[in-house]
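Model, not experiment: these values are computed from the prediction. Here is the naming used below: chain letters follow the sequence lines, and residue numbers restart at 1 for every chain.
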Amino acid sequence: MRILITAALPYVNNVPHIGNIVGSHLPADIFARFCRLLGYETLFIGGSDEHGTPIEVTARKLGIPPKKLCDVFYEIHKEIYDWFNFSYDNFSRTSREIHHQTTKEFFLKMYENGYIIEGELNLPYCENDKMFLPDRYVYGTCPKCGYELARGDQCEKCGTLLNPEDLINIKCTICNEKPIFKKVKHLFFDLSKLQKKLEEWIMSKKDIWYEHVLNLSLSIIKQGLKPRCISRDLKWGVKIPIKGYENKVFYVWFDAPIGYISSTREYFKKQNKEKDWEKFWKDKETRIYHFIGKDNIPFHTIFWPAMLLANGEYCLPYFVVGLNYLNYEGDKISKTRQWGIFCENLPKSGLDSDIWRYYLIHLIPETSDTEWKWKEFKERVNNELVANIGNFIYRTLSFLKRYFNGIVPEYELKVSDKEFLEEFKQKVNEYKKLMLKLRIRDSLRKVLEISYLCNKYFQENEPWKLIEKDRKRAETVIYICINLCFYLAILLEPFLPNTSKKLERILNKRIKSLEQIYQFNIKPGDKIGEPEILFPKIDDKKIEEIRKIVTKPLNFEELFYIDVNDLMKLNLRLCKIVEAKRLDTNRVLIKVKVDENIKEVVLNTKDDEKKLIGKYGVCTEDGLLTVGDKIITVDRNIEENARVR
RNA sequence: GCCGGGGUAGCUUAGCUGGUUAGAGCGCCGCGCUCAUAACGCGGAGGUCGUGGGUUCAAAUCCCACCCCCGGCACCA
């Protein structure tokens, strides 16, 4: 069996939170590790998604090139994934040459095959920022309800779906100037021709995919597929390789999934086996698994397979593993509201990444949204990891050390032992089946059941009593238990790689495959290492400590150094706030006087807007007067429009 | 508004192609044990399966209506 596993390419304009971890990297890693244990030819591929408007805009706001922004975040992401022990065989970047090349080749094939058509769009263009604005990057008054901050795609207040043309008094989100509309040519991917094929393909996944993934995909396809625009007027991205489109790039969603292919190619290039990547993408024997969040489902069950079909040379995904969302203590995770757990500080928590992995596995949102709860985190770690799994291993190791000085004794199996081992084997089979169906949470629960059986075996056989009256029998019991410890180490490997490594060291035995489970690998006479506590018990005080560390998101703007001399080049001025009007609970519309002109700015603040009137704020010529979300004000008497130095 | 998912013991939930006493984990109560991070094992209490109606010999499971929660509605990554 050959398996290709991909996790959603993280968009690197921010730092990942636990929702991002649980929604793709973690389940993908577990499955990859499991496949390797089964001896499958496995490749686990990932990378960062670096194109698109948000990155270009964020970079512009920070005054740095997009590449620089991505460089910094790529490293942060990579460090976090390494800390979690995600076993990527290759973690690439869509800004790399190999990706650009792969994307162009991929597209040209689709083009040759007649799936690309030309069309014209009437789009808002900001003359100030010199760019076309996606629907989300314009705002204005909703024609239906009069809400002043309706976005170009939808009014948040009344829910009406909008087009940018519908907005009254349209403004650019970046600079607040009024954009103009321009007619421009664009490329469209004509999905309509593939509707039937896609529908059949999705139907064929009826007994394989998660139910919600299937439902969503079918409901979208039944609405009918229309041509979709795949070009954008941006500078940052993969250039479109046909005449007349030299100044355009591909829509980020077009190039991003191709990143899976380019990352695979990059992997084999590094191995000096350049051609071998094709067997993972073009050989029907390969099963491709995409692990993604639910926001990505339509792209991976419709748009992406349609691209593959239009290209014609590739296999379709076998399993699109669409995960739901993880919430945090009763609400959605939100960086701006500082609500959630943010990964950059996890290493500082002092807890082994296995502990975090353990609870997060329980939260993999396979069937529905799930929720992080600190109380449950503590209980699961203490009751399950510590008291169930950790306890069995530790009591066995301690017993062996105390009564046998760490030397594995001889054994003689009784019928009851064989029956017990049979039951154990049964459970292992169930574990394997669940894992293959991508019921990862349930398979971890199965390991817990197994370790409960082990505790029960230990308890019922009472080796601490046998050691006095029937030493031979005690030897057999402990011989079985020490082998069970190794079996547990194998079963846990996909979930808790650090723990399994530790056990390999203590038991002095290498984990190679799931098959080892029936082989009594640890032999009489083997010397076992010192007993070690595998998992620490966590109390409320510790929880409080950790919570403080990991719930504070990094203010990434501080990462980007701004040269004072560059700052001085800006024409910064102190301007009087002449008017402030509250738009909603978070935002205030402010009018400032710059020289003789009135400029409007939207400020994110919950403070009393009336107090702002009459104050002086730091402005650029354009009227921006915010640094991050904060307004800089001066109370002293000051000359209007004074230059800031 | 439309579409999808869900409302089951104190909490988290399985079951939902209709059919034995609705399963499980945590928590709670009692007993046993001491090798083990007061960890382990055994036993127990606890549910009119959102509300109302219908189909059926039989419904948590199918149908209808209603109430409540969550998500999606596409050029947003």
Separation of A:Arg60 CZ from A:Leu69 CG (nearest 0.5 Å): 13.5 Å

Enclosure of A:Glu120 CD (heavy-atom neighbours >12, cutoff 6.0 Å): yes

Rounded distance in Å - NE2 (A:His212) to C1' (B:C70): 13 Å

Watson-Crick or G-U pairs under 3.5 Å in RNA chain B, rendered as dot-bracket with [ ] for crossing pairs and | for another strand: (((((((..((((.....[...)))).(((((.......))))).....(((((..]....))))))))))))....

Sugar-phosphate, base or nothing in reach of A:Val252, heavy atoms under 4.0 Å: sugar-phosphate

Partners meeting ring pair (Phe, Tyr, Trp, His ring centres under 6.0 Å) with A:Phe420 (sequence neighbours left out): A:Tyr457

Whole-Å distance separating the CG atom of A:Asn296 from the P atom of B:C76: 16 Å

A:His77 and A:Phe73 aromatic ring geometry - parallel, tilted or perpendicular at 30°/60° bounds: perpendicular

Touch class at under 4.0 angstrom, heavy-atom based, for A:Asp442 against every strand present: nothing

Anything under 3.5 Å between a donor and an acceptor, one on a side chain of residues 184-192 of chain A, the other on a protein residue two or more places apart or in another chain? List them.
residue: A:His186; atom: ND1; partner: A:Ser231; partner atom: O; Å: 3.3
residue: A:His186; atom: ND1; partner: A:Ser231; partner atom: OG; Å: 2.5
residue: A:His186; atom: NE2; partner: A:Asp233; partner atom: OD2; Å: 3.0
residue: A:Asp190; atom: OD1; partner: A:Ser192; partner atom: N; Å: 3.2
residue: A:Asp190; atom: OD1; partner: A:Ser192; partner atom: OG; Å: 2.6

Atom pair CD (A:Glu410) and CD (A:Glu475), whose distance is rounded to the nearest 0.5 Å: 7.5 Å

Ring geometry between A:Trp304 and A:Phe106 (parallel below 30°, tilted from 30 to 60°, perpendicular above 60°): parallel

Touch class at under 4.0 angstrom, heavy-atom based, for A:Phe535 against every strand present: base

Interatomic distance where CG belongs to A:Asn327 and C1' belongs to B:C69 [whole Å]: 12 Å

Touch class at under 4.0 angstrom, heavy-atom based, for A:Tyr325 against every strand present: nothing

Whole-Å gap separating C1' (B:A74) and OH (A:Tyr251): 8 Å

Ignoring hydrogens and angles, write down the donor-acceptor pairs under 3.5 Å from the side chains of residues 528-537 of chain A, residues two or more places apart or on other chains.
residue: A:Glu530; atom: OE2; partner: A:Lys401; partner atom: NZ; Å: 2.9
residue: A:Glu532; atom: OE1; partner: A:Arg505; partner atom: NH2; Å: 3.4
residue: A:Glu532; atom: OE2; partner: A:Arg505; partner atom: NH2; Å: 2.5

Below 3.5 Å between N/O atoms, which protein atoms pair up with nucleotides 6-16 of chain B? Just atom names and distances, please.
none

Comparing A:Ile220 and A:Lys294 on RNA chain B - which has the more 5′ nearest nucleotide: A:Lys294

Touch class at under 4.0 angstrom, heavy-atom based, for A:Ile533 against every strand present: base

Touch class at under 4.0 angstrom, heavy-atom based, for A:Ile393 against every strand present: nothing

A:Lys183, NZ: over 12 other non-hydrogen atoms inside 6.0 angstrom: no

Touch class at under 4.0 angstrom, heavy-atom based, for A:Pro54 against every strand present: sugar-phosphate

Donor-acceptor pair between A:His99 and A:Asp255 side chains, under 3.5 angstrom: yes

Ring pair (Phe, Tyr, Trp, His ring centres under 6.0 Å) between A:Phe299 and A:Trp253, intermediate numbers included: CA-CA 8 Å; A:Phe299 284 97; A:Trp253 253 112; 4.2 Å; yes

For atom CG of A:Asn455 and atom C1' of B:A39, their distance in whole Å: 9 Å

Touch class at under 4.0 angstrom, heavy-atom based, for A:Lys378 against every strand present: nothing

B:A36 OP1/OP2 closer than 4.0 Å to side-chain N/O of A:Tyr394: no

Spacing between A:Ile467 atom CD1 and B:C35 atom C1', to the nearest angstrom: 10 Å

Which nucleotide in B:G25, B:U37, B:C35 has an atom nearest any side-chain atom of A:Arg445: B:G25

B:G71 phosphate, OP1 or OP2, under 4.0 Å from A:Asn324 side-chain N/O: no

Base versus backbone protein contacts along nucleotides 26-33 of chain B [heavy-atom cut-off under 4.0 Å; B, S, -]: SS----BS

Separation of atom CG in A:Asn391 from atom C1' in B:U34, rounded to whole Å: 12 Å

Integer-rounded Å distance: B:A77 P and A:Trp304 CH2: 18 Å

NZ/NE/NH1/NH2 to OD/OE distance under 4.0 Å, A:Glu423 and A:Lys427: no

A:Glu50 and A:Tyr11: side chain donor to acceptor below 3.5 Å: no

Touch class at under 4.0 angstrom, heavy-atom based, for A:Lys537 against every strand present: base

